[in-house]
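What follows is one structure encoded as structure tokens, with my remarks underneath.
In what follows, chains carry the letters A, B, and so on, assigned in the order in which the sequence lines appear, proteins first and then strands, with residues in each chain numbered from 1.
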Amino acid sequence: MPASPYRGSWRLAGRFWPTVRDDPADAEAISHKLSVRAGLVRQLAAGLYTVTPIGLRVIQRVEAIIREEMDRIGAQELLMPVMHPAEIWEATGRYGLSEQFRLEDRSGRKMVLGMTHEEIITWHAARELRSYRDLPQSWYQIQTKLRDEPRPKSGMLRVREFTMKDSYSFDADEEGLERSYQAHSEAYARIFDRAGLTWYRVESDVGMMGGSGAHEYMAPSSAGEDVVARTADGSYAANVELAVSKAVDPDFGEAPSAPEPFDTPGIGSIDELARFTGQHPATLAKSVVVVAESGPVLAMVRGEHQVHEKKLAHVIGPHRAAHAEEIRQWFGADPGSLGPVGVDPGTVRIVADLTLERGHYVTGANRDGVHLRGVVLGRDFQAEAVDIRTVLPGEQAPGGGGALELVPVIEIGNIFKLGTKYSDPLGARYLDEAGTERTIIMGSYGIGPARVAMAAIEQGHDDDGIIWPAGIAPFDVHIVLIGDHDSPQAEYATALWSELSDLGLQVLLDDRPGLRPGEKFVEADLLGCPLRVTVGKRTLPDGPLEVQARATREKTELPLEGAAEAIAGLWRGIAGG
RNA sequence: CGGGACGUGGCGCAGCUUGGUAGCGCACCUGCUUUGGGAGCAGGGGGUCGCGGGUUCAAAUCCCGCCGUCCCGACCA
């Protein structure tokens with residue numbers, strides 16, 4: 001049994017720590033490769049992972065930071081079931097979502113596995129909170145969520161079962177919600193700073209949560225699935241799903257008094273059209289046909305832009321791409337020669353990006369191999385002018401903060417102003433001072449601890465392994481013992497381990513017998529604790545003791561006298577005091 | 001859900017085209033030597049080749065179906 005007299009410190013001999021030499025064959029993301037190689041996680045099935053004892057240390061350190069910061073803003077921890085009666089989800093119209101795991105109990109009662117807990121916490125709030133005197137409240141939990149993801153991927157980054165810190169605020173009015181939202185915003189900043197991440201707070205889409213305002217917390221990483229548009233100074237930052245920008249207008253020149261048809265044989269794409277006409281793509285309009293529930297929609301953006309599906313969906317609702325035959329039927333031409341002029345507004349709804357309100361454009365003529373030039377919105381066709389395009393890097397941010405860059409990010413947390421989306425259908429109401437019944441105003445706030453850990457790996461690694469931020473490393477100090485159990489080095493290393501632990505550090509002592517020094521060094525690099533101390537024959541009897549910082553590889557030689565204090569000092573330097 | 005790839009000792013892979021004794025590296029076990037950056041020698045254990053069906057005298061290999069996993073896209077608090 002490995003002795004561990006100090007909370008948080010480990011002797012390694014006899015512990016389960018399954019490292020591997022090779023990258024797993026099916027891993028792509030760096031955090032996926034390294035989390036498996038460093039023995040932090042093991043896969044059970046697609047999107048299902050077991051966390052090993054040493055991996056759990058990292059997760060628990062993230063969770064400890066979260067608990068401290070949530071408690072600091074007065075949030076209270078509780079714990080709700082993962083399995084819920086379906087009726088509660090039916091009440092908010094969220095029963096039957098495609099990602100929801102559904103089942104029946106033995107008596108045939110419909111149940112669901114929780115993908116989140118808005119419904120459940122609101123159900124409780126509706127029963128327990130009655131008076132303005134009961135408000136405000138902030139409740140949180142760190143609990144398992146289950147989502148039947150269409151495509152689990154990238155190791156622990158996108159999984160079907162994971163733990164989430166989710167909190168919920170209950171306020172009497174909008175001002176109260178604003179305070180709760182602000183408190184969470186400040187707590188989140190401290191949490192992600194303490195976890196050692198580079199992160200952005202960005203405006204986000206309210207999505208399926210509904211509500212009136214939302215921000216996402218994003219860690220930049222090439223493994224990220226979301227994209228943020230931001231200025232270099234950070235004054236503007238938004239998920240591309242809703243990012244806006246000032247497009248650069250080309251020199252349109254004079255518009256002809258009416259659209260002029262011209263032949264464009266065999267031209268099917270904007271690139272080809274730009275080459276054929278010698279005009280800048282920004283003077284060409286792209287026409288995309290989709291089918292919404294109400295019928296066909298022609299969506300138009302400038303040639304250099306892309307239609308953003310989510311933005312479009314905000315305007316026209318759920319939709320799909322149109323089939324070739326449908327397009328023929330509605331427009332009398334094939335994709336490549338489509339345009340808005342002459343289209344019957346009774347059959348086809350036309351939505352045009354805001355950029356098209358300026359200038360005149362080349363569009364398809366709805367005759368194969370023919371385009372029109374000089375097409376003007378408002379004069380030659382009517383359309384709803386709306387924002388449906390994706391911003392491009394280099395375009396100017398709306399606030400004057402400069403040019404936008406597009407960066408891939410991992411979503412590590414989010415905060416939502418829910419308003420009454422859940423409290424209303426679930427009947428969470430209270431009586432105000434005047435005795436009037438009012439609906440409770442809610443917010444919800446999430447963080448994925450495992451994503452925080454994986455983002456830290458994405459942002460901190462080199463060819464040899466992980467470089468943990470001091471705040472969430474599995475250990476503060478990793479002692480590599482070179483020598484047998486009964487050697488003087490072992491005796492010294494064990495004493496040093498105790499001494500460092502007494503100083504409040506979490507220390508890993510690699511006292512595994514029979515391993516070669518090289519293997520221990522390689523695995524220490526893989527694991528990536530901030531400081532590595534080597535105790536070998538060179539150390540004794542007179543020193544020096546070698547300490548290496550994982551991040552910089554900087555080596556420090558310490559005299560044996562006062563070594564533990566000196567190491568603690570080095571650690572404080574790395575951890576930021 | 002569309003497209004693509006892969007499934008062979010614990011891990012990483014070869015063998016499949018052209019059917020005929022299941023192989024390599026690492027890991028593992030034993031012994032000796034070694035011990036400050038994934039050791040050397042010798043010996044050894046471990047695989048119904050994802051599952052089911054078919055073709056054949058004979059299937060890891062050919063055919064059909066299914067399952068699993070990964071990647072791209074769609075999707076996605």
Side-chain angles (χ1 to χ4, degrees), chain A residues 18-29 32-33 36-37 39 42-48 94 97-100 114-119 145 147-155 157-160 162 164-168 204-211 213-218 223-226 239 241 290 309-310 313 318-321 411-418 421-422 443-448 451 464-465 480-484 487 489 510 512-526 532-540 544-546 548 553 555:
Chain A
T19 61
V20 271
R21 192 182 294 236
D22 300 316
D23 283 336
D26 52 16
E28 200 77 11
H32 186 189
K33 292 176 182 172
V36 170
R37 286 222 287 138
R42 283 295 181 265
Q43 184 175 17
L44 172 66
L48 297 174
R94 293 211 298 176
L97 294 178
S98 60
E99 292 170 35
Q100 190 170 53
M115 37 197 299
T116 174
H117 282 81
E118 277 80 12
E119 275 80 358
K145 309 289 185 219
R147 294 181 192 179
D148 195 359
E149 290 284 347
R151 183 146 108 76
K153 59 177 289 197
S154 305
L157 280 177
R158 185 169 199 73
V159 290
R160 294 192 291 177
F162 57 99
M164 174 184 272
K165 186 291 297 180
D166 47 319
S167 42
Y168 306 89
S204 84
D205 191 11
V206 293
M208 81 174 195
M209 300 304 308
H215 289 85
E216 288 165 322
Y217 290 80
M218 304 297 214
E225 301 183 281
D226 286 293
N239 194 314
E241 291 172 3
V290 300
E309 292 303 323
K310 254 196 176 139
H319 59 274
R320 60 165 173 85
E411 182 185 353
I412 49 177
N414 52 40
I415 55 180
F416 285 91
K417 292 180 184 173
L418 294 177
K421 179 176 164 79
Y422 296 91
S444 86
Y445 317 85
I447 293 178
R451 279 197 175 178
D464 295 319
V480 172
L481 163 64
I482 302 167
D484 293 332
S487 64
Q489 298 92 281
D510 188 353
R512 292 174 296 175
L515 288 188
R516 305 180 63 78
E519 299 177 89
K520 292 192 174 187
F521 289 133
V522 167
E523 294 197 337
D525 288 344
L526 230 199
R532 188 191 79 199
V533 178
T534 307
V535 177
K537 270 195 290 205
R538 293 181 199 163
T539 313
L540 299 176
L545 184 64
E546 184 192 294
Q548 185 177 121
R553 296 286 190 190
K555 288 183 181 171

Using purine N1 to pyrimidine N3 plus N6-O4 or O6-N4 for Watson-Crick, or N1-O2 and O6-N3 for G-U wobble, both under 3.5 Å, which nucleotide pairs with [N]?
| N | answer |
| --- | --- |
| B/U48 | none |
| B/G43 | B/C29 |
| B/C1 | B/G73 |
| B/G38 | none |
| B/C62 | B/G54 |
| B/G12 | B/C24 |
| B/U17 | none |

Specify the separation, in whole Å, of atom [atom1] of [X] and atom [atom2] of [N].
| X | N | atom1 | atom2 | answer |
| --- | --- | --- | --- | --- |
| A/Arg160 | B/C75 | CZ | P | 20 Å |
| A/Glu523 | B/A27 | CD | P | 12 Å |
| A/Asp22 | B/C26 | CG | C1' | 7 Å |
| A/Asp26 | B/G7 | CG | P | 12 Å |
| A/Asp148 | B/C75 | CG | P | 17 Å |
| A/Glu225 | B/A74 | CD | P | 11 Å |
| A/Glu28 | B/G73 | CD | P | 11 Å |
| A/Phe521 | B/G36 | CZ | P | 9 Å |

Report the nucleotide, chosen from [options], that has the shortest atom-to-atom distance to any side-chain atom of [X].
| X | options | value |
| --- | --- | --- |
| A/Gln43 | B/U35, B/U69, B/G12 | B/U69 |
| A/Arg553 | B/G37, B/G36, B/C75 | B/G37 |
| A/Thr534 | B/G36, B/G38, B/C71 | B/G36 |
| A/Ser154 | B/G38, B/G37, B/C71 | B/C71 |
| A/Lys310 | B/G36, B/C75, B/C76 | B/C76 |
| A/Glu546 | B/G25, B/C71, B/G36 | B/G36 |
| A/Ala46 | B/U69, B/G36, B/C75 | B/U69 |
| A/Arg158 | B/G37, B/U69, B/C76 | B/C76 |

Over all atoms of both residues, closest heavy-atom pair of [X] and [Y]:
| X | Y | value |
| --- | --- | --- |
| A/Tyr445 | A/Lys165 | O-NZ, 3.2 Å |
| A/Glu149 | A/Arg160 | N-CG, 3.9 Å |
| A/His32 | A/Asp26 | CE1-O, 4.1 Å |
| A/Gln489 | A/Gly483 | NE2-CA, 4.1 Å |
| A/Ser204 | A/Asn239 | CA-CB, 4.5 Å |

With a 4.0 Å cut-off on heavy atoms, is [X] in touch with a base, just the backbone sugar-phosphate, or nothing at all?
| X | result |
| --- | --- |
| A/Glu149 | nothing |
| A/Ser487 | nothing |
| A/Arg320 | nothing |
| A/Ala45 | sugar-phosphate |

Using atom [atom1] in both nucleotides, what's the gap between [N] and [M] to the nearest angstrom?
| N | M | atom1 | result |
| --- | --- | --- | --- |
| B/U69 | B/C51 | C1' | 15 Å |
| B/C64 | B/A5 | P | 14 Å |
| B/G19 | B/A39 | C1' | 43 Å |
| B/G50 | B/G43 | P | 31 Å |
| B/C13 | B/G7 | C1' | 13 Å |
| B/C1 | B/C76 | P | 16 Å |
| B/C28 | B/U17 | C1' | 35 Å |
| B/G38 | B/U18 | P | 45 Å |

Could you walk me through whether A/Arg42 and A/Val36 pass the side chain to side chain contact (heavy atoms under 4.5 Å, CB included) test, one step at a time? CA-CA 6 Å; A/Arg42 283 295 181 265; A/Val36 170; 3.6 Å; yes
Say whether A/Tyr422 and A/Arg94, considering side chains only, have a donor N or O and an acceptor N or O under 3.5 Å apart.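 Distance-only check passes for A/Tyr422 and A/Arg94.
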Less than 3.5 Å apart, any donor N or O on the side chain of A/His117 or A/Lys145 sitting next to an acceptor on the other?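 A pair is found: one side chain offers a donor N or O, the other an acceptor, under 3.5 Å apart.
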Given that A/Ala25 and A/Gly155 both sit by RNA chain B, which one's nearest nucleotide is further toward the 5' end?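 The residue mapped nearer the 5' terminus is A/Ala25.
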Where each residue is assigned the nucleotide of RNA chain B containing its nearest heavy atom, which of A/Gly536 and A/Lys145 is assigned the position nearer the 5′ end?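 Its nearest nucleotide being more 5', the pick is A/Gly536.
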Consider side-chain contact (heavy atoms from CB on, under 4.5 Å). Of A/Thr534, A/Asp510, A/Leu515, which one does A/Ile482 pass it with? A/Thr534
Contact under 4.0 Å: A/Lys153 side-chain N or O vs B/C72 OP1/OP2: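 Yes, such a contact exists.
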Are A/Arg151 and B/C1 close enough that a side-chain N or O sits under 4.0 Å from OP1 or OP2? no
Looking at A/Arg151 and A/Glu225, is any side-chain nitrogen of the basic one under 4.0 Å from a carboxylate oxygen of the acidic one? no
Just by protein heavy atoms under 4.0 Å, how would nucleotides 39-47 of chain B read 5' to 3' in B, S and -? B--------
Can you tell me if A/Arg147 uses its side chain to pair, donor with acceptor, with the backbone of A/Gln100 under 3.5 Å?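 The answer is no, because no donor-acceptor pair under 3.5 Å joins these two groups.
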